[in-house]
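Order of appearance sets the numbers: ligands from 1, and atoms from 1 within every ligand. Scope of the values below: all heavy atoms of this structure, side chains included, with no hydrogens, waters or symmetry mates.
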Amino acid sequence: MSVPPIKAPEVKGWCPGAHRPMKSGDGLIVRVRPRWGQLTPAQTIGLCDISQSFGNGTIDLTNRANLQLRGINDADHHAVLGALLDLDLLDETPELETRRNIICAPLRTQTGLTTQLAQELTDRLDELPDLPAKFGFAIDADGPPQITAAPADVRIESGPNGLIVRADGSSLGQPVTPNTAIDALLTIVRWFTETRQDGIWRMAPHLVAVPLPHYFARETTFPCAPTLVPARYPHGQVFGAPFGSLPAADLRALSLRNPTATLTVTPWRMFLLNGEIDATDTSFITGPNDPALLIDACPGAPACTPSHIETRALAKHLTAHLNGKSLHISGCAKGCAQPRRADVVLVGQPEGFDLVLNGCSWDEPVLRGLTLQSVINELGRI
Ligand code: SF4
């Protein structure tokens, strides 16, 4: 049977925030952007309270190191904003919320260069020109870069010869000092806005059409450090959660047992609790070999309207059949849970499951219309 090609999904140039939530099948999605991805213990517990009082009782981790509340009624949105304001988790305006699109390397200290530069960029956000909503920044200045694959358009990183500012899509950056890094970042952003063509929203596709001036591309960066896994690190304990979904009751219990620990969100659907952590008696993943870490699954039906399948129930069912392969289960071809390739991808369709091998949810399937049993049979053959 010949399979017609599937088009890559349209990426909307808009991200939900707290001020501008997105409507979904189970209510509003309210995205919370903790400053530089960090929550104090009081903020962590306060966010759990909001999720349990107004949402569906879970908090989702996003690949931009943000947090998401789901299942909020329209009528409760105002109360949720008030509660976020009390926790100092709300930007003054929707414009500021959109602009403060900064991901920081999770393994950092409160006094290190990453933190200092993130503070300076936050203080100077009003110097940025108007930018597309998804345009963002990665600050990764304390040793070998940790977040080169996290979504960002301009990056501040360490290289063998010192600090660089690098446009995403270029392997080379501009050498800078801690005192000149934010000025250099602003200069590259202005170059982007002055040379950008209609319909281009991100730096990497822009560089395909418009060569980066040599001045901005002179120094190499370090290779990316290995991605964090659930384990104990000198900074604290990294925890994983199936599908990046944190049960608020479990997070509250963990936070109460570690009352001085700051929580740092990572872009890999894991979080770090800083310090000497009691990681016993928790539902979160604390070691690197848990098979749940191999699976990405979006919320699926009934939470998300376009979904044709209950993704997460299916994921739990298929865990025993993975044999070490990575699996992405997507309620539709958009692929929200995993923008990168997985060994096996199942996409929900009205007539069954589409199967993609070593690809993304929008790639051409090798088989279509599979039943659950035929999916299990295929997993045994792959
Ligand atoms: S991929 Fe999943 S979460 Fe994204 S739109 Fe489709 S069903 Fe919804």
Side-chain angles (χ1 to χ4, degrees), residues 4-18 20-32 51 55-74 133-134 150-151 201-202 241-247 265 267-269 292-319 326-365 367-370 372 375:
I6 292 178
K7 271 176 52 185
E10 183 191 354
V11 177
K12 294 198 172 76
W14 172 71
C15 282
R20 288 191 284 220
M22 190 165 76
K23 191 94 175 153
S24 190
D26 56 349
L28 298 178
I29 297 174
V30 173
R31 188 166 292 172
V32 180
S51 172
N56 66 358
T58 63
I59 301 168
D60 291 333
L61 303 165
T62 80
N63 68 354
R64 287 182 179 241
N66 290 317
L67 296 160
Q68 227 165 237
L69 304 167
R70 294 191 74 104
I72 309 279
N73 289 328
D74 288 35
K134 286 176 182 279
W201 311 108
R202 305 297 305 273
F243 324 124
S245 183
L246 313 177
V265 187
W268 310 292
R269 297 199 169 99
L293 295 169
L294 293 169
I295 307 181
D296 291 292
C298 72
C304 188
T305 316
S307 181
H308 303 288
I309 54 173
E310 289 188 35
T311 47
R312 291 181 175 174
L314 177 67
K316 286 178 185 150
H317 192 76
L318 294 179
T319 305
S326 59
L327 172 66
H328 174 196
I329 302 179
S330 193
C332 74
K334 191 174 172 193
C336 297
Q338 176 53 282
R340 288 174 290 279
R341 290 168 179 271
D343 295 332
V344 179
V345 184
L346 295 173
V347 182
Q349 299 291 355
E351 63 281 2
F353 302 101
D354 283 356
L355 173 67
V356 176
L357 294 181
N358 188 27
C360 298
S361 58
W362 51 85
D363 288 338
E364 190 166 311
L367 291 169
R368 277 188 161 179
L370 297 179
L372 176 57
V375 165

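A donor-acceptor pair under 3.5 Å is absent between the side-chain atoms of Arg368 and the main chain of Gly352, judged by distance alone. The main-chain N or O of Gly300 is never found under 3.5 Å from a side-chain atom of Ser307 such that the two would form a donor-acceptor pair.
A 4.5 Å side-chain heavy-atom check between Asp343 and Leu357 finds every atom pair outside the cut-off.
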Begin from the C-alpha positions of Asp60 and Arg269 and carry the test salt bridge (charged side-chain N to carboxylate O under 4.0 Å, His left out) through to its verdict.
CA-CA 8 Å; Asp60 291 333; Arg269 297 199 169 99; over 6 Å; no
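Here Arg31 contributes atom CZ and Asn66 contributes atom CG; the two are 6.5 Å apart, rounded to the nearest 0.5 Å.
Side-chain contact of Arg70 with Ser24: a donor-acceptor pair under 3.5 Å is present, judged by distance alone.
Excluding water, every protein N/O/S atom under 2.8 Å from atom 2 (Fe) of ligand 1 is given here by residue and atom: Cys298 SG.
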